[in-house]
2 protein chains.
Amino acid sequence: MSKQELPIIDARMDTPGAACCAPLACEPLSESEAVELAPLFKAIADPVRLRLLSLIACHEDGETCVCDLTAAFDLTPPTISHHLKVLKQAGLIDSERRGTWVYYWIEPAVLARMSALIGPASPALAGTA
Amino acid sequence: MSKQELPIIDARMDTPGAACCAPLACEPLSESEAVELAPLFKAIADPVRLRLLSLIACHEDGETCVCDLTAAFDLTPPTISHHLKVLKQAGLIDSERRGTWVYYWIEPAVLARMSALIGPASPALAGTA
DNA sequence: TGCCTGCTTCGATGAGCTTCTAATCAACGG
DNA sequence: CCGTTGATTAGAAGCTCATCGAAGCAGGCA
């Protein structure tokens with residue numbers, strides 16, 4: 001460990017004003033912005049990781065034990081651990097060990113920014129219909 | 001063409017009530033839902049495709065010529081064409097040939113649904129204010 | 001202390017993805 | 001009709017990624 005544990009930081013989200021107000025359709029993404037944003041979507045561009053994220057997000061306690069996550073898939077624990085690591089490195093989730101078990105929870109900020117980026121230019125008409 | 005041009009249809013978005021109101025955090029994604037949703041995010045999980053989408057979305061005419069897109073990258077036309085094909089197969093863009101040039105435009109519905117999926121759990125308080 | 005359970009890391013393998021060059025298809029002009 | 005320009009398709013090379021088995025680490029219990 002201690003190699004590349006730092007979460008991905010994207011340029012556009014660093015500038016405070018642009019964080020929530022510069023979706024895809026407002027102005028063209030620069031190459032560096034795209035290079036930093038793409039891995040965030042790549043992190044959720046996998047069925048297993050999408051379900052992992054959903055399972056963690058839906059848990060009413062706000063956090064989920066790895067054992068529960070592993071049980072929901074036909075995959076070996078190393079594979080689940082790998083996917084959780086990818087999500088964690090993207091900054092989408094965080095984890096803590098408490099005694100025997102490790103718990104994961106959602107880090108909603110990055111997900112919300114990704115949603116805003118691809119969302120409609122005027123968020124007013126987002127949830128309607 | 002005329003081979004596999006059909007866009008990806010995801011289960012959750014077919015059910016009318018769940019389309020806009022079932023983000024990740026509401027209830028766990030089923031495996032089949034995740035399998036159908038993941039390719040949508042994979043389509044935009046590439047810096048080139050993210051910039052292509054942004055360039056097309058930002059064009060004030062609502063559509064963009066391929067020649068303009070190719071000029072914006074240090075990539076060969078076949079590579080741009082490949083990425084456009086991926087976006088088109090995901091249903092994110094559509095295209096039409098008018099004379100010599102081919103024009104692409106955004107298909108905003110799928111993008112909006114993806115945004116809603118990963119967006120905040122209660123879309124009602126998103127833009128209403 | 002020693003063992004057992006839960007989770008992660010390591011190393012390898014097979015599939016998929018990005019990119020290129022070469023070739024093909026479509027439209028326009030002389 | 002033929003040549004030129006714009007765009008896509010076909011095929012291949014190189015790289016990344018998902019998955020597994022084996023091994024390692026951390027915490028609890030007798």
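The chains referred to below are lettered A, B, ... by the order of the sequence lines, with proteins before strands, and numbering in each begins at 1.
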Practice prompt. Heavy atoms only: give me the nearest Ile93(B)-Tyr104(B) pair and the separation to one decimal.
Written response: CD1-CD2, 3.5 Å
Discussion item. If I take atom CD in residue Gln89(B) and atom P in nucleotide dG16(C), what distance separates them, rounded to the nearest angstrom?
Written reply: 15 Å
Discussion item. In whole Å, I'd like the distance from the NE2 atom of His83(A) to the C1' atom of dT19(D).
Written reply: 8 Å
Worksheet item: Once you round it to whole Å, what is the distance between C1' of dT9(D) and CD1 of Ile80(B)?
Response: 16 Å
Practice prompt. Describe the nucleic acid contact of Tyr104(A) in one word from base, sugar-phosphate, nothing, applying a heavy-atom distance below 4.0 Å.
Written response: sugar-phosphate
Worksheet item: What is the distance from CZ of Phe41(B) to C1' of dC17(C), rounded to the nearest Å?
Response: 20 Å
Worksheet entry | Atom pair CG/NE2 of Leu69(B) and His83(B) - distance to nearest 0.5 Å | 12.0 Å
Response to the item:
When rounded to the nearest 0.5 Å, the distance separating CG of Leu52(A) from CG of Asp46(A) is 8.5 Å
Discussion item. Pair Leu92(A), Glu107(A) - check side-chain contact (heavy atoms from CB on, under 4.5 Å), show working.
Written reply: CA-CA 5 Å; Leu92(A) 295 167; Glu107(A) 213 58 75; 5.8 Å; no
Worksheet, complete the sentence: Tyr103(A) atom OH is separated from dT8(C) atom P, nearest whole Å, by 13 Å
Worksheet item: Separation of Lys42(B) atom NZ from dC17(D) atom P, in whole Å?
Response: 11 Å
Worksheet item: Quick one: does Ser54(A)'s side chain have a donor or acceptor within less than 3.5 Å of a partner on Leu29(B)'s backbone?
Response: yes
Listed pairs, N/O of protein and of nucleotides 20-29 of chain D, under 3.5 Å:
residue	atom	partner	partner atom	Å
dC20(D)	OP2	Thr76(A)	N	3.1
dC20(D)	OP2	Thr76(A)	OG1	3.1
dC20(D)	OP2	Thr79(A)	OG1	2.7

Worksheet item: What are the two closest non-hydrogen atoms of Ala90(A) and Leu40(A), and how far apart are they?
Response: O-CD2, 3.4 Å
Practice prompt. Taking all heavy atoms of Leu75(A) and all of Thr70(A), pick out the closest pair and write down the distance.
Written response: O-CG2, 4.3 Å
Worksheet entry | d(CG, Asp46(B); P, dC15(D)) in whole Å | 17 Å
Worksheet item: Going by number, which of residues 60-71 of chain B have a non-hydrogen atom under 4.0 Å from DNA chain C?
Response: none
Discussion item. For Val102(B), is there any backbone N or O sitting under 3.5 Å from a side-chain donor or acceptor partner on Arg97(B)?
Written reply: no
Worksheet item: More than 12 heavy atoms of other residues, nucleotides or ligands under 6.0 Å from CD of Glu63(A): is that the case?
Response: yes
Worksheet item: What is the distance, rounded to the nearest whole Å, between atom CH2 of Trp101(A) and atom P of dT8(C)?
Response: 14 Å
